[in-house]
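All values reported here derive from a predicted model rather than from experimental measurement.
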Amino acid sequence: MDWQTSEDTVPSAPVTEADARSLLGRPPATGAWRDGDPIGERRFARFGAFTTESGASLPGIRLAYETWGELSPARDNAVLILHALTGDSHVRGDAVPGHATDGWWGDIVGPGRAIDTDRWFVVAPNMLGGCQGSTGPASIAPDGYEWASRFPFLTIRDQVAAQVMLADALGIDVWAGVIGGSMGGMHALEWAVGHPERVERLGVLCSPPTTTADQVALNSVQLAAIQMDPRFAGGNYYDAPDGDGPHRGLSLARRMALLNYRTPTELNQRFQRSWQSDKSPFGEGGRYAVESYLDFHGNRFTRRFDANSYLTLVEAMNSHDVGRDRGGVEEALARVTARTLVLGVDSDRLFPVEGQHRISRGIRTTIHDDTVVLSSDFGHDGFLIETEPVGRHLRRLLES
């Protein structure tokens, strides 16, 4: 699989010798984008003091973002795209210095695409707490050291509050569309519930109204995998030389997550019981192909992500409950006035379609009678891989 292609956006495939060679060398202590690295296509918006829901304060924050298309004179054609847990602002475009992979939704966003940048002005920020240009644990604090373990706890609502600041800075009072998948769908839903007057159209893809106990449990073992790595050092590892950071724990967390993103059907059909090499896994030191697949993508992930950011973002995802302090989920969803698309994947075992059905039942302005449910073997990642049907439904939303 090509180094420049995100594993989230393509079907699973056996690891080749070329793939393995691409990971030669020790991984860095962090895969975060750092000041001084190539900027790539990023832009930056800087803001003053930011106070979180928990009462913690950051003296200033920065959001990295990318844009495509032109904002109309009336400022009425802006579409906000919100990325998933391990995504970033690079929605479309090539892998270039500053961007480790190709854009993660290039088949959806662009000239003539479903989200047509000849018509729409598209904005995609890297979420607060992330590690690709926005303020997060790998950012430098006022004392000249990384925030690291001192970085405050964030909620989904905190991250949306930062996005609201970006919209204000760009002069966008009302989004023509707010679209997000997975964790980005949590942000999109929070926008439509918390700021209904600022969202004309809403796209919620493979995302739930709340993070359930089962989902928190799945997340908890990923967090523990990172925290139990001796080289995590309580989150203070940024000065470690290559190979001495918490890459083992972060890689294991990613491998666990991949099992939630895909399906037994895909893995069984793609790998069956094949071996990675001629060496037998029956006591001879060989490995099954699916083991090598998970190891490869776990190891590759450590070169583009930060362990502390992973903890911060997963904990923010755990905070998600659109009904919190709003009288419950149904009362909160009733606030939505945007024309809405709710889309799920029938094989999604991370955020099963029952959650999307609950969203559809609670929003009175959906463009379909119920959730659009795609049939796919790709599970949760179906919203990234099944670009033809996803694009078709997004086009209908934006034309509504």
Side-chain angles (χ1 to χ4, degrees), residues 3-4 6-8 19-40 42 44 58 61-64 83 85-90 95-101 126-154 219 221-258 294-317:
W3 161 256
Q4 296 178 339
S6 170
E7 62 272 24
D8 299 321
D19 293 330
R21 285 195 298 271
S22 72
L23 295 187
L24 292 176
R26 295 182 175 187
T30 175
W33 183 91
R34 314 293 292 276
D35 286 311
D37 289 344
I39 291 174
R42 293 175 184 82
F44 298 99
L58 291 165
I61 64 169
R62 175 181 70 186
L63 290 186
H83 65 78
L85 171 66
T86 60
D88 55 34
S89 65
H90 200 51
V96 295
H99 299 293
T101 60
N126 180 223
M127 69 179 79
L128 184 65
C131 61
Q132 290 300 316
S134 293
T135 299
S139 302
I140 302 300
D143 62 3
Y145 296 93
E146 291 84 1
W147 281 103
S149 59
R150 300 174 296 165
F151 195 76
F153 177 87
L154 296 179
N219 289 340
V221 293
Q222 297 174 42
L223 301 184
I226 294 171
Q227 293 164 332
M228 292 172 66
D229 186 332
R231 292 173 175 170
F232 180 62
N236 301 302
Y237 51 80
Y238 291 103
D239 289 334
D242 289 356
D244 286 342
H247 59 276
R248 292 184 184 275
L250 182 58
S251 174
L252 180 56
R254 180 60 169 175
R255 285 147 61 192
M256 293 174 179
L258 284 173
L294 291 173
D295 282 354
F296 172 76
H297 287 294
N299 291 334
R300 192 176 81 161
F301 180 68
T302 66
R303 287 160 166 80
R304 69 172 182 87
F305 220 80
D306 177 66
N308 277 321
S309 266
Y310 198 90
L311 298 180
T312 297
L313 300 187
V314 169
E315 288 174 343
M317 191 161 59

Please evaluate residues Glu315 and Phe153 with respect to the criterion side chain to side chain contact (heavy atoms under 4.5 Å, CB included), reporting the C-alpha separation (whole Å), side-chain torsions for both, the decisive distance (0.1 Å), and the verdict.
CA-CA 8 Å; Glu315 288 174 343; Phe153 177 87; 3.8 Å; yes

Nearest-0.5 Å distance that lies between atom OG in Ser89 and atom CE in Met127
11.0 Å

Please give me the minimum heavy-atom distance between Trp147 and Gly136, naming the atom from each residue.
CD1-O, 3.9 Å

State the CG-CZ distance between Leu85 and Phe305, to the nearest 0.5 angstrom.
5.5 Å

Salt bridge (Lys or Arg N to Asp or Glu O under 4.0 Å) involving Arg42 - partner list, sequence neighbours excluded:
none

With respect to Arg254, which candidate in Asn299, Thr302, Thr86 satisfies the side chain to side chain donor-acceptor pair (under 3.5 Å) definition?
Thr86

Working to the nearest 0.5 Å, report the span between OG1 of Thr101 and CZ of Arg300.
7.5 Å

Provide the closest heavy-atom pair for Pro137 versus Gly129 in the form atom of the first, atom of the second, distance.
CD-O, 3.6 Å

Quick test of your reading: applying side chain to side chain donor-acceptor pair (under 3.5 Å), list the pairs with at least one residue in residues 27-39, sequence neighbours left out, ordered by first then second residue.
Thr30-Asp306, Arg34-Glu146, Asp35-Arg62

Shortest non-hydrogen contact from Ser251 to Gly298?
OG-C, 3.2 Å

Kindly check if the number of other-residue, nucleotide or ligand heavy atoms within 6.0 Å of CZ (Phe44) is above 12?
yes

N/O donor-acceptor pair under 3.5 Å between Arg248 side chain and Pro230 backbone
no

Drop me the distance from Ile61's CD1 to Leu128's CG, to the nearest 0.5 angstrom.
5.0 Å

Checking side chain to side chain contact (heavy atoms under 4.5 Å, CB included) for the pair Phe151/Asn308: CA distance, chi angles, key distance, verdict?
CA-CA 9 Å; Phe151 195 76; Asn308 277 321; over 6 Å; no

Not counting sequence neighbours, which residues clear side-chain contact (heavy atoms from CB on, under 4.5 Å) with Ser134? List them please.
Leu63, Ala64, Asn126

Distance-minimising heavy-atom pair for Asp229 and Gly249
OD2-N, 2.8 Å

Contact summary for Ala225 and Leu252, nearest pair of heavy atoms
CB-CD2, 3.9 Å

Smallest heavy-atom separation, Ala307 atom then Tyr237 atom, equals N-OH, 3.4 Å

Consider side chain to side chain contact (heavy atoms under 4.5 Å, CB included). Of Gln132, His83, His99, which one does His90 pass it with?
His99

